[in-house]
Peer 1: 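Mind having a look at this structure? Questions to follow.
Reminder, nothing fancy here: chain letters follow the sequence lines and each chain counts from 1.
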Amino acid sequence: MCADPSTLSDALWFLCYLTTGKHLGFYASFGTVLLLLLVTAPAALLLGFGGAMLARSRVAPLSWIGKAYILLVRGIPDIVFFLFFVIALDQGFEYLRHRLLCPDWDQPVRQGNDFVVCDIAKLPLSSSPQWMHEVYGFFLAVLTFAIVFGAFAGNVLFGAMRAVPRGQMETAEAYGMTHRQAFWRVLVPQMWVYALPGLSNLWMVLIKASPLLFLLGVEDIVYWARDLGGSKTPQFTDFPHGDWRMWYFLFLLVFYLAFTRVSEIVLDRLMRRFTHGQAVAGGEAQRKAAMAGPA
Amino acid sequence: MKRLLLASALALSASAALAQDVVRIGTEGAYPPYNFLDDSGEIAGFERELGDEMCRRAQLTCEWVTNEWDSIIPNLVSGNYDVIMAGMSITDERDEVIDFTQNYYPPTASAYAAPSAEADIQGGVVSAQAATIQAAHVATTGATLQEYATPEETVAAVRNGEADAVFADYDFLAPIVANSGGELQFVGDRVPLGGGIGAGVRESDTALRDQLDAAIQAMKDDGSVNELLAKWFPGETVPSF
């Protein structure tokens with residue numbers, strides 16, 4: 001049916017048009033973006049938590065490492081990370097593999113502008129199928145996103161840990177808990193209520209930063225929207241059309257708005273949970289409401 | 001003895017790996033008729049067909065990948081792919097950073113396209129793709145250069161009035177002008193630029209360059225380059241060698 005679209009009625013034409021291989025790629029890229037967010041958010045949180053723990057360490061060098069990570073990464077413009085750091089990271093991995101796998105290599109790795117490592121040190125190998133290159137690119141993207149957002153999350157968590165009233169920790173110590181026990185049993189469960197507003201901001205920014213994937217060579221929704229929306233002349237496609245980028249980007253706008261709205265609802269629920277039983281204004285309000293209601 | 005055996009086994013496996021070496025070709029995928037994505041999302045166009053034939057003759061397994069035009073050279077030199085075939089004109093500036101094979105597309109003219117014949121191409125706003133010979137040329141004229149990341153955007157800029165004219169390869173603009181229903185037309189004289197289009201390789205990859213060069217030469221000799229040119233660039237002036 002779709003073999004000769006120029007003879008089709010409008011509805012069928014669109015049915016064929018919206019199911020071309022290119023469009024399927026476009027739909028699949030939504031999955032890529034969602035997967036990136038789902039993987040990156042916990043990874044960044046973990047990095048941030050580690051950074052915050054290091055930064056509050058009583059061992060000075062550890063604390064310097066944590067603070068330096070948070071300070072440096074937060075201070076470096078994102079564009080530097082997404083343009084320069086990824087190529088450097090990739091070359092760093094390949095250089096390490098090169099040293100390990102090809103100890104007999106006698107040529108320099110840097111030859112003028114070229115970065116040359118032995119064939120078996122390439123990451124992924126140039127003989128590996130394209131999907132492995134894509135997975136590797138995706139992995140680099142997740143790592144970069146996690147490092148950048150981890151620093152911000154680290155700062156939020158560092159502040160949240162300090163916001164838990166000192167009395168809570170003192171009480172824990174008075175009960176004979178060790179420092180570690182007090183940290184995990186008293187401080188960590190209570191800090192989320194202070195961290196969540198900052199973290200939810202970060203989540204929103206992360207959602208909106210996902211088009212940066214495109215800079216990293218991952219074919220994301222913006223890449224496809226731009227390509228599909230561009231005007232097409234009849235020689236090169238069965239579905240010629242004018243400049244439709246506005247419609248594609250409008251669709252992206254709706255997607256992002258819907259996605260951030262759903263996130264807001266979920267985050268609100270989370271906030272209510274974390275506030276429950278806490279000695280903060282929100283927790284106090286919950287307590288009063290519960291008391292005023294039918295017992 | 002054992003070590004010797006091991007070494008020869010390694011050498012064997014190394015040459016076996018070389019024989020089935022995969023050469024990755026980077027392209028932009030947004031510059032019809034040179035290279036573009038067809039309806040199924042595959043890379044197609046003049047360079048795809050020419051490149052596949054070139055690889056067949058050079059007995060290489062080639063894999064095509066797309067990359068942003070802006071970062072197409074940095075990704076080549078850092079080894080993410082091995083060859084650029086992306087409608088890239090051979091220029092002295094680029095030759096300092098990477099190497100080119102001989103051209104597989106003859107030096108041809110670039111042209112201005114605009115909504116009206118009165119468009120001011122010498123003093124008005126002219127759009128061109130960033131980091132191209134066309135952008136460099138516009139910068140030397142009296143016109144204000146408006147740069148865009150993709151070829152598509154340079155044309156869209158003229159359609160929506162952001163620019164008075166677009167300056168690009170004649171053969172890229174020809175199908176667009178022909179299908180614009182009179183909305184766009186060529187304006188002014190054509191400008192010969194660059195030394196034709198060649199395949200870019202890393203400067204350290206001389207063996208690969210010679211291999212591709214020989215394949216292109218063979219295709220020029222038996223006329224298959226001209227056939228492909230005639231197929232993909234029909235019209236009043238068919239480029240040929």
Peer 1: Hey, what do you get for OG1 (B:T150) to CZ (A:R226), rounding to the nearest 0.5 Å?
Peer 2: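 So the OG1 of B:T150 and the CZ of A:R226 are separated by 5.0 Å.
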Peer 1: Among B:N179, B:V65, B:V97, B:D39, which residue forms the greatest number of heavy-atom pairs with chain A at distances under 4.5 Å?
Peer 2: B:D39
Peer 1: What part of A:Y17 lies closer than 4.5 angstrom to a heavy atom of chain B: side chain, backbone, both or neither?
Peer 2: neither
Peer 1: Of all the heavy-atom pairs spanning A:T233 and B:P175, show the shortest one and how long it is.
Peer 2: CG2-O, 3.7 Å
Peer 1: Can A:Q111 and B:R202 be said to form a side-chain hydrogen bond (donor to acceptor under 3.5 Å, both in side chains), step by step?
Peer 2: CA-CA 10 Å; A:Q111 301 178 18; B:R202 281 182 293 277; over 6 Å; no
Peer 1: Answer yes or no: is there a donor N or O on one side and an acceptor on the other, between the side chain of A:K122 and the main chain of B:N80, under 3.5 Å?
Peer 2: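 The answer is no, because no donor-acceptor pair under 3.5 Å joins these two groups.
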Peer 1: Do the charged groups of A:R110 and B:E203 touch, with an N to O distance under 4.0 Å?
Peer 2: no
Peer 1: Look at atom CZ of A:F84 and say whether more than 12 heavy atoms of other residues, nucleotides or ligands are closer to it than 6.0 Å.
Peer 2: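 Result for CZ/A:F84: open.
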Peer 1: When you measure from the side chain of A:D114 to the backbone N and O of B:S204, does any donor-acceptor pair fall under 3.5 Å?
Peer 2: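 It does hold such a pair.
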Peer 1: Given the rule in the side chain to side chain contact (heavy atoms under 4.5 Å, CB included) test, do A:R245 and B:E153 qualify, once you have shown the distances and angles that lead to the verdict?
Peer 2: CA-CA 10 Å; A:R245 284 179 303 169; B:E153 286 166 301; 3.2 Å; yes
Peer 1: So what's closer than 4.5 Å to chain A heavy atoms on B:N75: side chain, backbone, both or neither?
Peer 2: side chain
Peer 1: Is there side-chain contact between A:H133 and B:R24, with heavy atoms separated by less than 4.5 Å?
Peer 2: yes
Peer 1: Looking at CD1 of B:I176 and NZ of A:K232, how far apart are the two atoms once the value is rounded to the nearest 0.5 Å?
Peer 2: 10.0 Å
Peer 1: Nearest 0.5 Å please: distance from the CG atom of A:N113 over to the CD1 atom of B:I73.
Peer 2: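 Answer rounded to 0.5 Å: 9.5 Å.
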Peer 1: Measure the CZ-CD distance between B:F36 and A:Q235 for me, rounded to the nearest 0.5 Å.
Peer 2: 9.5 Å
Peer 1: For A:E219 and B:T66: C-alpha separation, side-chain torsions, deciding distance, then whether side chain to side chain contact (heavy atoms under 4.5 Å, CB included) applies.
Peer 2: CA-CA 9 Å; A:E219 288 171 354; B:T66 53; 2.9 Å; yes
Peer 1: Counting only heavy atoms from other residues, nucleotides and ligands, does the tally under 6.0 Å from OH of A:Y95 exceed 12?
Peer 2: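 For A:Y95, atom OH is not crowded (no more than 12 foreign heavy atoms under 6.0 Å).
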Peer 1: CG of B:D38 to OG1 of A:T20: how many Å apart, nearest 0.5 Å?
Peer 2: 9.5 Å
Peer 1: Chain A heavy atoms under 4.5 Å from B:E96: which part of the residue, side chain, backbone, both or neither?
Peer 2: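 It is the backbone, since no side chain atom gets that close.
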Peer 1: Taking all atoms of both residues into account, what is the closest heavy-atom pair of A:S231 and B:R159, and its distance?
Peer 2: OG-NH1, 3.5 Å
Peer 1: Out of curiosity, A:D227 CG to B:L37 CG, how far, rounded to the nearest 0.5 Å?
Peer 2: 5.0 Å
Peer 1: Apply side-chain hydrogen bond (donor to acceptor under 3.5 Å, both in side chains) to A:S127 and B:E63, showing your working.
Peer 2: CA-CA 9 Å; A:S127 57; B:E63 180 127 30; over 6 Å; no
Peer 1: Sort out for me which of A:V116, A:D238, A:L125 touches chain B most, counting heavy-atom pairs under 4.5 Å.
Peer 2: A:D238
Peer 1: Which one of B:S78, B:A156, B:S71, B:A30 has the most heavy-atom pairs closer than 4.5 Å to chain A?
Peer 2: B:S78
